[in-house]
Amino acid sequence: MLKLKGGLCGFCAVTLATLGFYSCNNLSNTVMGSQKVDSLVSKIEELIVEKPTLHAKWDSLRDNKLVFHIDSLNPIPIKTQKQKLKDSLRREFDKHPKHIYLTFDDGPLVGSRAIDSIARAKNIKVNAFVVGRHSTMGKYRLRDLNLYIENPLVAVYNHSYTHGFNRLQTFYRDSQKAFDDFKKNEDNIAFNSKVARLPGRNIWIYDEEKKIDIASAEPTADLLFQDGYKIFGWDVEWRLNSLTGVATVPLETVYQRIVNFMNNKSSKEPNNVVFLMHDDMFQTRQGKKLLSDLIDKLIAKGYKFEFMEDYPIKY
Ligand SMILES: [Zn+2]
């Protein structure tokens, strides 16, 4: 049978359901080994009294907020219990839609126009993290930025004004200056909403989540978050040689990587995979064909294409 250690306060009950057990130090869940393991999910549901979500259960397992016990009469190793529970939750997630976020960084560049027209042709949502300064470089770059802004299928987000002139260590050394660079971009471009990605950094800050890859950029990310921004990194990245259109990793391989992230729930949020590409990848005929073919495979798989401002979609 199931036991609660300590008792369940009203605050915790809500916290369990909405925040995935954050800040509930006085509470632990006891799952007795004599339970049939496959029924663990429904038993956890009993513990989370206020609208349990699949994501809340997943977070509680991932963050080791559940306490498992071995029953001497019917011993099931804790590792097995956890694996069974994880598999069971995976199967639950698989009953829901899977969401893919195609994100294109560093536009407007040669290649942006192709992304704009492919999004229209396939009728899918895509996300452009743009660098305002690039719209001043070259005859057609302002045109390309405006194509994005005028296309309802393209969400346009902030990737800083200068991209730190690609000297990222220097850029992040002065966090106020880096933050001001993002604000300059905001002053110049009508963004869909306050969503940002930091140049060269796989940093996530949204809701209660925070994941930092390189600490030197954290103060800049914090300033943006305090200013109301959500900051997103990526789960899977793909690169092509921009001049030849040759992929560093074959299309089939990167497609399979996305599918594996979806199936194993190994992305930052289960059933939500953020996929990173760069605008300059799609300036050749071969590059454009690869993008088009990849999108066709994702459509055929039944994935839903989403805007980053809606991330993560939870159940
Ligand atoms: Zn970039």
Side-chain angles (χ1 to χ4, degrees), residues 101-116 119 126-138 141-142 144-145 147-149 154-175 177-189 191-206 211-225 229-243 247-249 254 268 273-283 287 291 307-309 311:
Y101 303 74
L102 301 186
T103 66
F104 298 90
D105 283 11
D106 298 357
L109 291 170
V110 182
S112 303
R113 195 183 191 188
I115 295 163
D116 175 75
V126 304
N127 303 274
F129 285 89
V130 300
V131 175
R133 196 176 77 95
H134 291 172
S135 68
T136 68
M137 299 166 71
R141 298 298 80 81
L142 184 59
D144 294 339
L145 178 61
L147 284 174
Y148 275 166
I149 290 168
V154 180
V156 183
Y157 301 127
N158 199 341
H159 194 43
S160 82
Y161 185 77
T162 63
H163 209 273
F165 300 98
N166 290 325
R167 298 178 64 197
L168 298 181
Q169 277 188 337
T170 310
F171 182 60
Y172 292 118
R173 200 170 290 146
D174 186 341
S175 56
K177 205 169 150 193
F179 171 75
D180 291 344
D181 196 58
F182 275 89
K183 294 302 279 185
K184 182 176 178 184
N185 215 27
E186 190 184 294
D187 291 342
N188 278 273
I189 299 170
F191 290 118
N192 278 54
S193 63
K194 293 187 94 167
V195 167
R197 176 177 281 150
L198 273 68
R201 297 291 180 268
N202 194 354
I203 286 179
W204 308 70
I205 313 181
Y206 60 96
K211 190 177 173 192
I212 306 287
D213 63 343
I214 298 174
S216 61
E218 185 173 358
T220 304
D222 285 341
L223 287 172
L224 285 165
F225 185 67
Y229 273 91
K230 292 181 175 185
I231 296 135
F232 295 120
W234 61 91
D235 296 301
V236 182
E237 180 180 5
W238 197 28
R239 285 190 181 268
L240 308 186
N241 181 306
S242 59
L243 296 179
T248 52
V249 173
V254 80
K268 176 86 179 68
V273 172
V274 180
F275 186 51
L276 168 63
M277 293 167 281
H278 287 81
D279 285 43
D280 66 344
M281 288 163 55
F282 307 109
Q283 51 186 288
L291 177 60
F307 289 144
M308 284 308 310
E309 63 210 65
Y311 180 93

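Just so you know, ligand 1 is whichever comes first in the structure, and atom 1 is the first atom listed for that ligand. Model, not experiment: these values are computed from the prediction. All heavy atoms count here, side chains included; hydrogens, waters and symmetry mates do not.
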With a 4.5 Å heavy-atom cut-off, do Asp213 and Ile203 have their side chains touching? yes

Do Asp106 and His159 make a side-chain contact, defined as non-hydrogen atoms from C-beta onward lying under 4.5 Å apart? yes

Answer with yes or no whether the side chains of Asn127 and Tyr311 bring together a donor and an acceptor at under 3.5 Å. no

Stepwise, does the salt bridge (Lys or Arg N to Asp or Glu O under 4.0 Å) test hold for Asp187 with Lys184? CA-CA 5 Å; Asp187 291 342; Lys184 182 176 178 184; over 6 Å; no

Answer yes if the side chains of Tyr229 and Asn158 hold a donor-acceptor pair under 3.5 Å, and no otherwise. yes

Can you find a heavy atom in the side chain of Lys268 that is under 4.5 Å from one in the side chain of Val273? no

Around the Zn ion (ligand 1), how many protein N, O or S atoms are found at less than 2.8 Å? 3

